[in-house]
Amino acid sequence: MSDVQNTLRDRVRSLLAEGKISCFIGWGPTRFKDRTIPKFANKPEDAGELVYNEHCLSNLAKYALDFQFSAEVAGIAVRGCESRAINRLIADGRLTRSKLYLVGIPCEGMLENGSTAEKCAFCRHRNPVVYDELIGEPVAEQENPPRFEQVLELESASSEDRYDFWQREFAKCIRCYACRNACPACNCMECYTEQYRTGWQGKQANTLENSVFGFTRAYHIGDRCIECGECERVCPMGIPLMKLNRKLVKDVESLFGSEESGLSDDASHALGCYDKEDLEEFM
């Protein structure tokens, strides 16, 4: 990956020096060799601090919202997950494509705690689906990753066992909202959990209120989730949020025949439109 890193630094240095972008969002080092953090390069000399290695776990797309009202163009490194997230944010009206310069990077998967990151094990789009320029050669996509394996396992359990499972999991939630903050599909200008309206959502960190938040958030993004796994990765309590998200993704695809979210910046999504031809077995 050192070749990609060097090329990335050179390109970002040139883009900033030529004034094509005002800032570039990539990854930077930490004092730990197996950890990276999002890095904002504002000057050509900052490009030398960018890194790209097997520990670049963070999905950078949500950081582009820092520039949503800027008149200048922001650059950002995009792999498959970031590119789909960018498309999702554009479709949701939060970003403007002309104000972004996307540097695509094919990805063969990242490491977490010494092994393949779980979110990468389920990835179906390792190459960026949209970019302005591509660094490196496209990589082979994973054939038939176990995308819904955990969902099928959950579906095979009884309703009582499923209820008990999620009660145990949401009992651990500390309502830090890290899942919401990291999720590209959770991009409302104001989250309903922060609105002071009686009856919307309690502020208590207990199993009932945690479940209301968890299920409401999952349904909110059910047809817009790009399956990047950031919500589960950043959860400090280890709640398997992608089991719930992928269950809804699976159902939406089955009911509406919709394609995966984020493959384009088309604003349409299954739960945001009405079609008289929609299946109605659930009614």
Side-chain angles (χ1 to χ4, degrees), residues 12 15 20-27 37-41 56-105 107 119 122-134 177-194 216-234 241-242 245-246 248-249 252 258-273:
V12 172
L15 290 168
K20 291 185 177 180
I21 60 175
S22 61
C23 178
F24 187 84
I25 308 169
W27 300 271
I37 56 174
K39 166 71 177 177
F40 291 73
C56 295
L57 283 167
S58 299
N59 187 318
L60 303 175
K62 197 90 179 265
Y63 295 96
L65 290 177
D66 290 354
F67 302 91
Q68 61 182 313
F69 302 119
S70 173
E72 299 178 304
V73 176
I76 182 171
V78 296
R79 300 163 295 188
C81 51
E82 278 95 6
S83 63
R84 292 178 67 195
I86 290 293
N87 275 339
R88 183 69 264 163
L89 289 163
I90 293 173
D92 289 340
R94 298 303 310 277
L95 293 176
T96 303
R97 180 66 177 89
S98 61
K99 297 298 180 183
L100 297 169
Y101 191 90
L102 309 180
V103 178
I105 303 176
C107 173
K119 70 173 196 172
F122 296 92
C123 179
R124 298 181 69 191
H125 302 280
R126 292 187 161 185
N127 297 293
V129 299
V130 61
Y131 53 85
D132 291 301
E133 64 175 275
L134 187 69
Y177 300 128
C179 55
R180 177 198 67 182
N181 296 343
C183 173
C186 270
N187 58 57
C188 292
M189 295 289 285
E190 181 182 18
C191 180
Y192 86 99
T193 62
E194 291 162 355
T216 300
R217 196 190 84 83
Y219 275 98
H220 185 197
I221 66 167
D223 59 341
R224 297 161 52 250
C225 174
I226 63 163
E227 302 175 64
C228 68
E230 277 294 271
C231 57
E232 184 173 312
R233 184 184 74 84
V234 301
L241 296 169
M242 287 308 297
N245 293 343
R246 284 199 177 93
L248 291 171
V249 169
V252 167
S258 57
E259 66 177 14
E260 296 172 77
S261 177
L263 296 184
S264 72
D265 59 9
D266 181 2
S268 65
H269 48 279
L271 301 183
C273 60

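Surrounding OH of Y192 are more than 12 heavy atoms belonging to other residues, nucleotides or ligands, all under 6.0 Å away. Counting heavy-atom neighbours within 6.0 Å of F122 CZ, excluding the residue itself, gives a total above 12.
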Discussion item. Using side-chain contact (heavy atoms from CB on, under 4.5 Å), reason through E82 and C228 one step at a time and then give a plain yes or no.
Written reply: CA-CA 8 Å; E82 278 95 6; C228 68; over 6 Å; no
Discussion item. Quick one, L248 with H220, criterion side-chain contact (heavy atoms from CB on, under 4.5 Å). Give me CA distance, side-chain angles, the key distance, then yes/no.
Written reply: CA-CA 10 Å; L248 291 171; H220 185 197; over 6 Å; no
Worksheet entry | Audit row: V103, V12, side-chain contact (heavy atoms from CB on, under 4.5 Å) steps and yes/no | CA-CA 9 Å; V103 178; V12 172; 5.6 Å; no
Practice prompt. Begin with the C-alpha distance, continue with both residues' side-chain angles, and end with the deciding distance and a verdict on side-chain contact (heavy atoms from CB on, under 4.5 Å) for C183 and R217.
Written response: CA-CA 10 Å; C183 173; R217 196 190 84 83; 3.5 Å; yes
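Scanning both residues, I86 and A64, for their nearest heavy atoms gives CD1-CB, 4.3 Å. Here the closest non-hydrogen pair linking I76 and F24 is N-CE1, 3.5 Å. Scanning all heavy atoms of the two residues, the minimum distance from G229 to K119 falls at CA-CB, 4.0 Å. The two residues C225 and N245 come nearest to each other via the heavy atoms SG-CB, 4.2 Å. Closest non-hydrogen pair, N87 versus S264, comes out as CB-O, 3.3 Å. When every heavy atom of V252 is checked against every heavy atom of A270, the shortest pair comes out as CG1-CB, 3.8 Å.
No donor-acceptor pair closer than 3.5 Å links the side chain of N59 to the backbone N or O of E230. The backbone N or O of V78 lies less than 3.5 Å from no partner atom in the side chain of S83, so there is not a single donor-acceptor pair. K62 places a side-chain N or O within donor-acceptor distance of the main-chain N or O of C186, the cut-off being under 3.5 Å.
Between D265 atom CG and I90 atom CD1 the span is 5.0 Å, to the nearest 0.5 Å. The CG atom of L15 lies 4.5 Å from the CD1 atom of I21; values are rounded to the nearest 0.5 Å. Remark: L134 CG to N127 CG distance equals 7.5 Å, nearest 0.5 Å. Atoms CG and SG, from L241 and C179 in turn, are 5.5 Å apart once rounded to the nearest 0.5 Å.
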Could you pull out all donor-acceptor pairs under 3.5 Å where a side-chain atom in residues 65-72 meets a protein atom, sequence neighbours excluded?
unit_1, atom_1, unit_2, atom_2, d
Q68, OE1, R94, NE, 3.4
Q68, OE1, R94, NH2, 3.0
Q68, NE2, L65, O, 3.3
S70, OG, E72, N, 3.1

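Every residue two or more places apart in sequence or in another chain that forms a salt bridge (Lys or Arg N to Asp or Glu O under 4.0 Å) with D92 is listed here: R88, R224. Legend: residues meeting side-chain contact (heavy atoms from CB on, under 4.5 Å) with Y63, ordered by chain and number and at least two apart, are I25, P38, F40. Looking at residues two or more places apart in sequence or on another chain, you find a side-chain contact (heavy atoms from CB on, under 4.5 Å) between E190 and Q195. Taking E227 as the reference, R147, R246 meet the salt bridge (Lys or Arg N to Asp or Glu O under 4.0 Å) condition, with sequence neighbours excluded. C107 meets the side-chain contact (heavy atoms from CB on, under 4.5 Å) test with Y52, R79, M110; sequence neighbours excluded. In this view, R126 satisfies the salt bridge (Lys or Arg N to Asp or Glu O under 4.0 Å) rule with no residue, not counting sequence neighbours. The side-chain contact (heavy atoms from CB on, under 4.5 Å) test applied to Y177 returns R175, R180, N181, T193, F213, not counting sequence neighbours. When the side chain to side chain donor-acceptor pair (under 3.5 Å) test is applied to E260, the partners found at least two apart in sequence or on another chain are R124, H125. Not counting sequence neighbours, the partners of K39 by the salt bridge (Lys or Arg N to Asp or Glu O under 4.0 Å) test are E49.
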